[in-house]
Structure formats: structure tokens, C-alpha cells
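Since the structure is predicted, the reported quantities are computational estimates derived from the model, not experimental observations.
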Amino acid sequence: MSDSSLARSDLSPAVAWLRTPSAIRERCHQLLDLGLAGKLEHFRVEPSRLPIVVDTVLHVTREHYPTLDVPLHSRWRHFDVGGVARLAELEARLKDASLQERARAKLDLVVVSVLLDAGSGPQWRYQEAGGKTWARSEGLAVASFRMFMEGRFSSDPDRPLRVDAEALGRLTREALAQGMQVTDANPVDGLEGRLHLLHGLAKVLPRPGALLDIITAQQRSVRASELLGLVLEVLGPIWPGRVMVDAVNLGDVWPHPALGSVESLEALVPFHKLSQWLTYSLVEPLSEAGVVVTELDGLTGLPEYRNGGLLVDLGVLSPREPRLFTQSFHPGDEPIVEWRALTVALLDRVAALVRGRLGLSAEELPLGKVLQGGTWTAGRRVAAERRPGGGPPIRVDSDGTVF
């Protein structure tokens, strides 16, 4: 039942299936069907509002990419925020390295950066030396980039542009806080959770760039679903203990009672948000090393607060209770599982409508490019217009390991 030939063959069928994009889509669309029938407790679904979302997405896409040459939604889009050519700086530092080693270094950077990318919270800022101050995801991207360029994740002073298990394993809370400029006056959500992920990474890989060697030892072409399967297998042990099935920690998988008893497999809704964000972000460095990632549209939309917020702000999703706008929730709380699942399923509909308006196929404009063009950018813009600071319409307490 698994989509991945790179993953373990000893997983139970249930666990293997819950690690696939097919499972994410199936369960999320089940909840959307219930929502369209008015049978969900926390959200009404108003499909008549979808054209407004599509109009907004098309507007920002054309504004940012007039020729519709949209890149893939990935962490790489954030490193050059503000028009600063940070990636050119990285390329210059790597110019004497081999093609394979350049790819490993970029994989090192992007894996750590994604693992540090869970929501920062509204107060945190990162001030770049001699430059501007950045917040939220872009701020986390710049902070992780600068830490990488300074060699903070390498145990070898002569080879600073790498991430290795020794350096990650000895990374302290204080050192991570210093690198991210975290203080009592500049708090970030989930610092301990981020540190936990980096310590876990040290236990599963000698360096993140080793993913290149794992893949190329078997093949030079990999489906996106296979790549996600590899990410979930290799990084599975680093996630905090949550739902367990057959002694396997499932990570970003949560029950929803509308699908069955919360103790049953039928109720489990997989998302694997950070793992999919990482999978999207592996595509470019792997491509530079000659590994072709195919069937990108097999991955799903990302269930995070920019995409989900767009749907709430523009009225496609309407909370049934005012408390959803005033309380803070945990990722496993039923309203949040419902919101995220509806977001994933509705992003498929938005993508199809966007392609229809543009006359493009899924191969020409895969979902990952619709996100970039796109829903994520539109979600941020609409949030900034509606709320001071541009925060999400529904607040989720970040532990640094989910969003």
C-alpha cells in the first residue's frame, strides 16, 4: 500500500498507507464531504466563495510572476527575502566544491532550516547584521541561513558549510537562542521543540546531505510520493511522541471523531506538513545533483495558517462558534484538525480552478506552484489587511514541531 520503494518494507500496511499523500487526500476529502453536507461541528463550508479565493490567488500570482513562470513553493523562496542575494553568497562560498558536495551542503542547509521553520509567534524578530529586521517564516529562514553560513551546525571549523550529527548533538538551548536572537524581550514559540528536532536529527543521519547518497544508491529518478516516504521513514523518530500505530510514532497525524472512534485507525487524519514542506524543498538541490523528482502534483497542499487563513478570511470556511476567533488551540484540538483537513482538500479545488482559468494542466502548474503563486502569498496579504501584525484568524499554540 505504500507509495515509496525507498521506504522500509517491514512497516504494517496501516502505517505505510498513513505515510502517503493518497492517505492525506482521502481522509481530508472525507471531512470536506462531511463539511459540504453540513455535518461538521466546527466549520461551515461555503463553496460559493471559492471564486473570490481564485480571483485573489490569480491577482497575486500575476503580480509576482507576470509571465506565469512560477517556481515551486519551497524554503528556497525565503532565503533571498527582501531582494538580498543570500543564495548567491552561498554559491560563491561553495564554488570550489564538487557538484555532489554542493548539493549535500544545500540539503544540509534546507533540512535544518525547515525543521526550524515552525510558527515563530507574533513577537519574535531577527535583525540581520547591517540589514533589516525580519519576522515569521522569512525571519526564521534568514536566521537559519546565517547560522549555517557561520558554521554553527558544523563540528569542523575547516568545513563550516555543512551540518553534522556531532554539532547538532551538542547544540544547547542557549546556543540556539543566541543564533536566533531569542531573549526574554524577543521570545520565539517552541524553542525547546525546535532544539528537540535538531537533537533528533543528529541521531538519525550523519548529516542531512546524506539523503542524496541514500537516494542515488538506488535510483536517479524519484516520485515525489517516494521522496516523502523516505523523509517520513528517516526523520520519523525525531518527532515528539503522538499517535502510535504498531509501535511507530506517526508524527503529524491526528484523530477526528467525525470519521470514527478516536481510538480507531479510521479516525486518523495524516498531514505531515513539515515533512511535505521539506520534500518540496529537497527538489531543487536534488535536481542540481542530477536526481529528477517526478509527479510533484502527488504531494498535497500544506495545512498551515497562511493557506487555511485565506479560506477563513475570504469566507469559504466559516467557524460555527465565535470562540474559534478568540481562543488559542493546540494542534491536536478537534477544531484545528478539522480546519487543516478542510484546507488540504479545498486547496485541490482551488488549484483546479486556477488552472482552468489559466488554461494550464497539472503538469504545467502543479499544486506546489499554485501554493507559491499563490495561496500562501495571498493568505499573507489578506491577513495583513485584516489584522495588525498579519497573524492568522485562528490562533494555534506552536510547540515548534508542527506548523
Side-chain angles (χ1 to χ4, degrees), residues 3 21-22 24-25 28-29 50-81 87 106 110 113-114 117 137-138 141 221-228 231 271-288 291-311 314 316 340 343-383:
D3 282 348
S22 301
I24 299 171
R25 277 202 163 88
C28 291
H29 279 275
L50 276 172
I52 297 171
V53 173
V54 173
D55 287 343
T56 306
V57 169
L58 285 170
H59 176 75
V60 298
T61 300
R62 288 188 170 115
E63 181 180 318
H64 288 87
Y65 306 100
T67 65
L68 297 181
D69 185 19
V70 185
L72 191 65
H73 188 55
S74 83
R75 191 57 162 163
W76 296 101
R77 307 289 79 78
H78 293 164
F79 289 129
D80 281 348
V81 62
L87 292 179
K106 291 177 181 180
V110 82
S113 188
V114 167
D117 190 38
S137 193
E138 287 93 341
S221 176
V222 58
R223 287 178 292 137
S225 59
E226 290 182 275
L227 188 56
L228 174 63
V231 167
F271 297 114
H272 306 305
K273 185 267 176 178
L274 277 180
S275 296
Q276 289 205 89
W277 178 227
L278 177 55
T279 302
Y280 279 120
S281 300
L282 297 179
V283 172
E284 287 157 85
L286 287 175
S287 177
E288 290 178 25
V291 177
V292 179
V293 182
T294 63
E295 299 179 24
L296 285 171
D297 215 43
L299 300 177
T300 76
L302 299 180
E304 43 76 43
Y305 67 82
R306 290 301 178 204
N307 293 322
L310 177 68
L311 297 169
L314 295 185
V316 178
R340 297 179 79 199
T343 296
V344 169
L346 287 165
L347 285 171
D348 282 341
R349 292 198 174 198
V350 170
L353 291 168
V354 167
R355 292 185 196 114
R357 292 272 294 274
L358 294 175
L360 297 175
S361 67
E363 290 72 28
E364 292 168 316
L365 192 72
L367 179 56
K369 294 189 176 185
V370 176
L371 300 179
Q372 177 62 28
T375 58
W376 191 91
T377 309
R380 162 164 285 187
R381 176 173 295 185
V382 173

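A search for salt bridge (Lys or Arg N to Asp or Glu O under 4.0 Å) contacts involving R349 returns nothing, not counting sequence neighbours.
Across all non-hydrogen atoms, the minimal contact from R306 to A383 is NH1-CB, 3.5 Å. When all heavy atoms of G298 and P21 are compared, the closest pair comes out as O-CB, 3.0 Å. Considering all non-hydrogen atoms of both residues, V293 and R223 come closest at CG1-C, 4.5 Å. Contact detail for V60 and A378: the closest heavy-atom pair is CG2-CB, 3.9 Å. The shortest heavy-atom contact between S74 and E284 is OG-OE2, 3.0 Å. Listed here is the closest heavy atom pair of L87 and D80: N-OD1, 3.0 Å.
Once rounded to the nearest 0.5 Å, the distance linking CH2 of W277 with CG of L282 reads 11.5 Å. Rounding to the nearest 0.5 Å gives a distance of 4.0 Å between CD of E63 and CZ of R381. Separating the CZ atom in R340 from the CD1 atom in I24 is a distance of 10.0 Å, to the nearest 0.5 Å. Residue I52 holds its CD1 atom at 12.0 Å from CG of L311, rounded to the nearest 0.5 Å. Note that OG of S113 and CG of L278 are 10.0 Å apart. Values are rounded to the nearest 0.5 Å. Of the inter-residue distances, the one linking L302 atom CG with L371 atom CG reads 5.5 Å to the nearest 0.5 angstrom.
In this structure, the side chains of H64 and V70 stay at 4.5 Å or more apart for every pair of heavy atoms. Taking the side chain as every heavy atom from C-beta outward, H272 and L299 never approach each other to under 4.5 Å. Looking at heavy atoms from C-beta onward, K369 lies out of side-chain contact with Y65 at the 4.5 angstrom threshold.
Side-chain atoms of N307 and T343 include no donor-acceptor pair closer than 3.5 Å. In the model, T300 has a side-chain atom that pairs as donor or acceptor with a side-chain atom of Q276 under 3.5 Å.
In summary, of the residues considered (V110, D117, L72), a side chain to side chain contact (heavy atoms under 4.5 Å, CB included) with S281 occurs for V110 alone.
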R75 vs S137, test: side-chain contact (heavy atoms from CB on, under 4.5 Å). Steps then yes/no. CA-CA 9 Å; R75 191 57 162 163; S137 193; 3.0 Å; yes
Begin with the C-alpha distance, continue with both residues' side-chain angles, and end with the deciding distance and a verdict on side-chain contact (heavy atoms from CB on, under 4.5 Å) for V57 and L310. CA-CA 10 Å; V57 169; L310 177 68; 4.1 Å; yes
Start with the C-alpha distance between L367 and R355, add both sets of side-chain angles, then the distance that settles side-chain contact (heavy atoms from CB on, under 4.5 Å), and finish with yes or no. CA-CA 10 Å; L367 179 56; R355 292 185 196 114; 4.1 Å; yes
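Below 30°, between 30° and 60°, or above 60°: for H78 and H73 the angle between ring planes is above 60°, a perpendicular geometry.
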